[in-house]
Amino acid sequence: PSDFNVLIKGYGWAGMVDAAMDMLKQIRNFGFSPTVMHFNCLLGVLLKENCLDTAQTVYNQMLTEGCPPSVITYTTLIHGFCAARKVDLACRLFKEMGGNDLSPDVYTYSALIHGLCKAGRVEKASFYFEDMKSNGCLPNVVTYNALIYGFCKTANLDCAFEIFSEMSATSCEPDARSYTLLIDGLCKLDRSQEAFKLLNDMQQKGFVPGIVTYNCLMNGLCKEGNLFEAYNLLDGMMNKGCIPNVYTYSPLIGALCKSGKVHKVY
RNA sequence: ACCGAUGCU
């Protein structure tokens with residue numbers, strides 16, 4: 001029974017949407033009826049593969065089969081629609097679930113807040129952030145990080161840092177990702193000096209910077225044309241066992257070209 | 001037990 005979820009996810013991982021769809025028939029062939037978990041699992045796969053129409057069909061099927069959507073169903077749909085750049089549709093679903101006596105939880109809010117932030121609509125995201133708190137739903141590190149992402153994306157670092165302080169003050173400690181988000185935000189505004197201060201802070205707190213953190217810093221240094229420090233950073237990260245990837249090299253190559261040192265690229 | 005949310009192109 002729950003093994004079907006593993007299979008659906010496996011097909012989803014392989015991008016085999018049709019095979020995942022067939023699992024619904026398989027479940028019935030085995031004499032079971034698909035549960036809300038099976039539907040949720042399948043919806044997640046379909047939305048990840050951008051099969052919005054098929055997802056709609058499956059969702060309708062759920063309803064007609066008397067399998068009422070759960071909070072997880074709505075969260076899956078909201079997340080999927082946000083990923084498909086249909087944030088308004090996601091907001092509509094969010095309102096709809098209230099009418100169905102379902103209360104959004106921290107996953108639901110986080111998905112919607114992140115979707116709005118990704119669309120650059122951080123002020124509407126802030127509205128839902130306040131809404132969740134007044135509904136007694138406590139934001140967690142994922143919610144906070146999503147908002148920090150939104151403020152950084154819109155170059156509003158003051159608000160991003162405000163949220164960051166709020167976390168520390170509310171027993172929701174920032175994680176490595178929170179720091180990386182701020183580091184990226186600073187670097188994108190040519191403020192890599194401050195970003196390196198944050199790198200120190202995060203290390204003081206015992207977080208080990210990962211490849212993404214280093215890539216953000218690399219991007220910043222290269223944007224500022226600081227090739228010397230960029231090479232220093234490259235050395236430093238490799239010494240710490242971090243393998244550079246395309247996100248590391250591409251800004252470096254760009255900066256080298258810009259400075260006329262094209263030969264160094266090779 | 002098993003389904004849902006956050007970082008660099």
Side-chain angles (χ1 to χ4, degrees), chain A residues 1-10 12 20 23 34-48 58 62 67 69-83 90 93-94 97 102 104-118 125 128-129 132 137 139-153 160 163-164 167 172 174-188 192 195 198 202 207 209-223 233 237 242 244-254:
Chain A
S2 68
D3 300 329
F4 288 114
N5 285 326
V6 178
L7 286 168
I8 293 170
K9 280 205 282 189
M23 292 311 296
T35 65
V36 63
M37 281 182 242
H38 297 125
F39 282 114
N40 290 346
C41 217
L42 182 58
L43 284 172
V45 167
L46 293 170
L47 290 165
K48 195 164 359 148
V58 170
M62 272 182 91
C67 182
S70 64
V71 174
I72 294 184
T73 314
Y74 275 103
T75 305
T76 304
L77 292 172
I78 287 168
H79 175 246
F81 283 131
C82 286
L93 274 168
F94 185 87
M97 64 185 291
L102 291 173
D105 64 9
V106 62
Y107 285 78
T108 321
Y109 274 109
S110 300
L112 186 62
I113 287 170
H114 175 256
L116 286 163
C117 287
K118 194 162 134 185
Y128 282 109
F129 183 63
M132 79 185 284
C137 181
N140 64 15
V141 62
V142 176
T143 325
Y144 279 108
N145 285 347
L147 249 197
I148 291 173
Y149 164 75
F151 282 121
C152 287
K153 198 177 166 70
I163 297 294
F164 183 76
M167 307 179 67
C172 178
D175 64 6
R177 207 177 280 225
S178 319
Y179 282 96
T180 302
L181 284 161
L182 290 171
I183 287 171
D184 187 44
L186 288 167
C187 286
K188 288 203 159 92
S192 66
L198 271 181
M202 78 181 277
F207 296 115
I211 178 76
V212 178
T213 314
Y214 285 117
N215 287 346
C216 295
L217 289 162
M218 181 62 80
N219 187 39
L221 291 172
C222 292
K223 231 163 73 64
L233 185 68
M237 66 186 280
C242 231
N245 60 20
V246 61
Y247 292 89
T248 323
Y249 286 121
S250 141
L252 198 51
I253 292 169

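All heavy atoms count here, side chains included; hydrogens, waters and symmetry mates do not.
- Between the P atom of B:A1 and the CZ atom of A:Phe4 lies a distance of 20 Å, rounded to the nearest Å.
- Among the atoms of the strands shown, base atoms are found under 4.0 Å from some heavy atom of A:Thr108.
- Between the side chains of A:Thr73 and A:Ser70, at least one donor N or O lies within less than 3.5 Å of an accepting N or O.
- For the pair A:Ser192 (side chain) and A:Ala195 (backbone), a donor-acceptor distance under 3.5 Å is absent.
- Looking at the side chain of A:Leu181, the nearest of the listed nucleotides B:G7, B:G4, B:U9 is B:G7.
- Contact between the side-chain N/O atoms of A:Lys153 and the OP1/OP2 oxygens of B:C8 is not found at any separation under 4.0 Å.
- Contact annotation for A:Asp105: base contact, defined as any heavy-atom pair under 4.0 Å involving a base atom.
- Among the nucleotides B:U9, B:G7, B:C3, the one closest to any side-chain atom of A:Lys9 is B:C3.
- Atom OH in A:Tyr149 sits roughly 10 Å away from atom P in B:U6 (whole-Å rounding).
- Atom pair A:Arg177:CZ and B:A5:P shows a separation of 12 Å (rounding to whole Å applied).
- The backbone N or O of A:Asp175 lies less than 3.5 Å from a partner atom in the side chain of A:Ser178, making a donor-acceptor pair.
- When heavy atoms are screened at a 4.0 angstrom cut-off, A:Val246 is found touching base atoms of the nucleic acid.
- For A:His79 and B:U6, the shortest distance from a side-chain N or O to OP1 or OP2 is below 4.0 Å.
- Note on ring orientation: taking the six-membered ring where Trp is involved, the planes of A:Tyr128 and A:Phe94 are perpendicular (angle over 60°, cut-offs 30° and 60°).
- Shown here are the side chain to side chain donor-acceptor pair (under 3.5 Å) partners of A:Thr213, two or more places apart in sequence or in another chain: A:Thr180.
- Within 4.0 Å (heavy atoms only), A:Ser250 reaches at least one base atom of the nucleic acid.
- Here A:Thr76 lies in heavy-atom contact (under 4.0 Å) with sugar-phosphate atoms only.
- Nearest nucleotide to the side chain of A:Thr75, out of B:U9, B:G7, B:G4: B:G4.
- A:Asp184 and A:Asn219 share no donor-acceptor pair across their side chains, judged by distance under 3.5 Å alone.
- Applying the side-chain contact (heavy atoms from CB on, under 4.5 Å) test to A:Met37 and every residue at least two apart in sequence or in another chain returns A:Asn5, A:Thr35.
- Atom-to-atom, CG of A:Leu116 to P of B:U6 comes out at 14 Å; the value is rounded to the nearest Å.
- With rounding to whole Å, A:Asn40 atom CG is found 7 Å from B:G4 atom C1'.
- If you measure from atom CG of A:Leu7 to atom P of B:C3, you get 14 Å, rounded to the nearest angstrom.
- Note: CD1 (A:Ile183) to C1' (B:U6) measures 16 Å, nearest angstrom.
- Contacts of A:Asn140 with the nucleic acid, taken as non-hydrogen atoms under 4.0 Å apart, include base atoms.
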Steps toward side-chain contact (heavy atoms from CB on, under 4.5 Å) verdict (A:Asn245, A:Asn215): CA-CA 9 Å; A:Asn245 60 20; A:Asn215 287 346; 3.2 Å; yes
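- For the residue pair A:Cys242 and A:Gly210, the shortest heavy atom distance occurs at SG-C, 4.0 Å.
- Picking from B:G4, B:G7, B:C3 the nucleotide with the shortest atom distance to the side chain of A:Asn5 gives B:C3.
- Look at CG on A:Leu43: it is 13 Å from P on B:A5, rounded to the nearest Å.
- The side chain of A:Cys41 lies closest to B:C3 when the candidates are B:G4, B:C3, B:G7.
- Relative to the side chain of A:Asp184, the nucleotides B:C8, B:C3, B:G4 differ in distance, and B:C8 lies closest.
- Nearest nucleotide to the A:Lys188 side chain, out of B:C3, B:A5, B:C8: B:C8.
- For A:Met37, the side-chain atoms get nearest to B:C2 when compared with the rest of B:C2, B:U6, B:A5.
- Listed by residue number, A:Val212, A:Thr213, A:Asn215, A:Cys216 are the residues of residues 210-220 of chain A with a heavy-atom contact under 4.0 Å to RNA chain B.
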